[in-house]
Protein chains: 2
Amino acid sequence: MSPKVSKEHLKQRRAKILEAARAVFIEHGYERATMKHVMDAAGVSRGGLYQYFSNKEELYEAILEERLSSEYANIQNVLNMSEGSYWKLLLKSIFGDDMEPNDEMDEMAPSNLEFFITGRLDERRRKYGQERYQLGIKVYQDVIRAGQESGEFSSKYSSDILARSIVAFIDGLALEYAILPNEDVKLKEQSNMFIEYLRMALGVEG
Amino acid sequence: MSPKVSKEHLKQRRAKILEAARAVFIEHGYERATMKHVMDAAGVSRGGLYQYFSNKEELYEAILEERLSSEYANIQNVLNMSEGSYWKLLLKSIFGDDMEPNDEMDEMAPSNLEFFITGRLDERRRKYGQERYQLGIKVYQDVIRAGQESGEFSSKYSSDILARSIVAFIDGLALEYAILPNEDVKLKEQSNMFIEYLRMALGVEG
DNA sequence: TTGAAAAACGACACTAGTGTCGTTATAATG
DNA sequence: CATTATAACGACACTAGTGTCGTTTTTCAA
């Protein structure tokens, strides 16, 4: 009637697995990665791994959830310390704190695309993907709507369609990043152009 | 020393397999589809199928090539019977002959995304994907560059970046189409907004 | 009509990966 | 230090799918 190892230990081991899994998914992508890869990378036995995650799907979603919560905390932060400018807020929510596009891309982005696309025909996973996608839209939509209500943004276009365009743009970039050799990808330039587009659509001064 | 079946027969059989395979890929996606699915759908035995395509990759690429050539013929057509307006030409090359966005999407689009993304880590397939992607960019780039040189389009943005944006936009839509339930997808509205964006970027009058 | 080339067939052997389960090692507790 | 719950292990059985290959069938030409 007593736990045989500390909660702390369990947590650490889990974290170790997740970290190793992340590296594996970056290297092999979602579909090609195997539980064996993860075992080896984490230095854990088959049985040991399955104690924590009972299949690859679960493992991947655990990684996604981790990111999600930290990202969310970040966005919440941004939303709260509002600087009074929704435009700045929007840029932050798209490009992060620097508010500037750079030439880096989340290394997991290609695997994420892979995960969601290959999962589209499985009922449970499709549902999960839809929720995440809608959530992604919602983040931007909330900022845009607030900006429109405050009068800072033009209401010419619906916040929904605008938010979708942002998501589509980001996904399109991720795809390009996944397929083209790195030196051929021009994230920064494309992002800058997209910003001008948003400026136009939202009626924000240059 | 004589062929035992007519060329015509071989062609038809091949076509039959391709057609069945197309349906299979639409239903199951690329990764989950199996050669068995195709055999059943085409009413052909295992050995029979492998006589024509020695693996799934080859089969899928054959489908892609077919489309590619017919699409290319179409674009060539459009390019030749030039109506003097590069803007119209651009719209045609994006949305097809109607020049109008509609709510339909190529049913193969999700599988195509899947094929290219999951193939990104295999050397041969990555190369293939890159070529196709670059080709996709080139189509739009050619029209834009021509329009810019003729003075019809503004040269504010490089034709390369603009063309990439178009591809990214289309891919983003395809992804949305793949993931969201159909009734939630708003292809038309998003496309219309995108057109306005292009108008701005190219300096084309409404 | 017959013979031969090859198209079509389907059983088979093989592989890569999964998840389970009985066993062993370990760490907290009394 | 002994006890014991359970974390960790790794061999194993199982599965889904692939590509091959010897056999059968078909088609065309002589």
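Every chain is numbered from 1 and lettered A, B, ... according to where its sequence line falls, protein lines coming before strand lines.
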Starting at [atom1] of [X] and ending at [atom2] of [N], how long is that distance when rounded to a whole Å?
{"X": "B/Gln51", "N": "D/dT20", "atom1": "CD", "atom2": "P", "result": "12 Å"}
{"X": "B/Leu49", "N": "D/dT20", "atom1": "CG", "atom2": "C1'", "result": "14 Å"}
{"X": "B/Gln12", "N": "C/dA7", "atom1": "CD", "atom2": "P", "result": "15 Å"}
{"X": "B/His9", "N": "D/dC28", "atom1": "NE2", "atom2": "P", "result": "8 Å"}
{"X": "A/Tyr52", "N": "C/dG19", "atom1": "OH", "atom2": "C1'", "result": "18 Å"}
{"X": "A/Leu10", "N": "D/dA8", "atom1": "CG", "atom2": "C1'", "result": "12 Å"}
{"X": "B/Tyr50", "N": "C/dC14", "atom1": "OH", "atom2": "P", "result": "17 Å"}
{"X": "B/Glu57", "N": "D/dT18", "atom1": "CD", "atom2": "P", "result": "12 Å"}

> Once the angle between the rings of A/Tyr60 and A/Tyr30 is folded into 0 to 90°, is it parallel (under 30°), tilted (30 to 60°) or perpendicular (over 60°)?
Replying inline: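 Because their plane-to-plane angle is over 60°, the rings of A/Tyr60 and A/Tyr30 count as perpendicular.
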
>> Classify the ring geometry of A/Tyr128 against A/Phe115: parallel below 30°, tilted from 30° to 60°, perpendicular beyond 60°.
In response: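 The arrangement is perpendicular - the two ring planes meet at more than 60°.
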
> Which of residues 23-47 of chain B sit near DNA chain D, with a heavy atom under 4.0 Å from it?
Replying inline: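 Residues of residues 23-47 of chain B under 4.0 Å from DNA chain D: B/Thr34, B/Met35, B/Arg46.
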
If you measure from the Lys or Arg side-chain nitrogens to the Asp or Glu carboxylate oxygens, is any gap between [X] and [Y] under 4.0 Å?
{"X": "B/Arg22", "Y": "B/Glu66", "result": "no"}
{"X": "A/Glu196", "Y": "B/Lys156", "result": "yes"}
{"X": "A/Lys186", "Y": "B/Asp160", "result": "yes"}

> Of the nucleotides C/dT18, D/dA8, C/dG19, which has the atom closest to the A/Asn55 side chain?
Replying inline: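 The closest nucleotide is C/dG19.
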
>> ring-ring contact (aromatic ring centres under 6.0 Å, His included), that's the test. Do B/Phe169 and A/Phe169 meet it? Break it down for me.
In response: CA-CA 6 Å; B/Phe169 166 76; A/Phe169 166 75; over 10 Å; no

> A/Arg13 side chain N/O closer than 4.0 Å to the phosphate oxygens (OP1, OP2) of D/dC9?
Replying inline: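 True: A/Arg13 side-chain N/O within range (under 4.0 Å) of D/dC9 OP1/OP2.
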
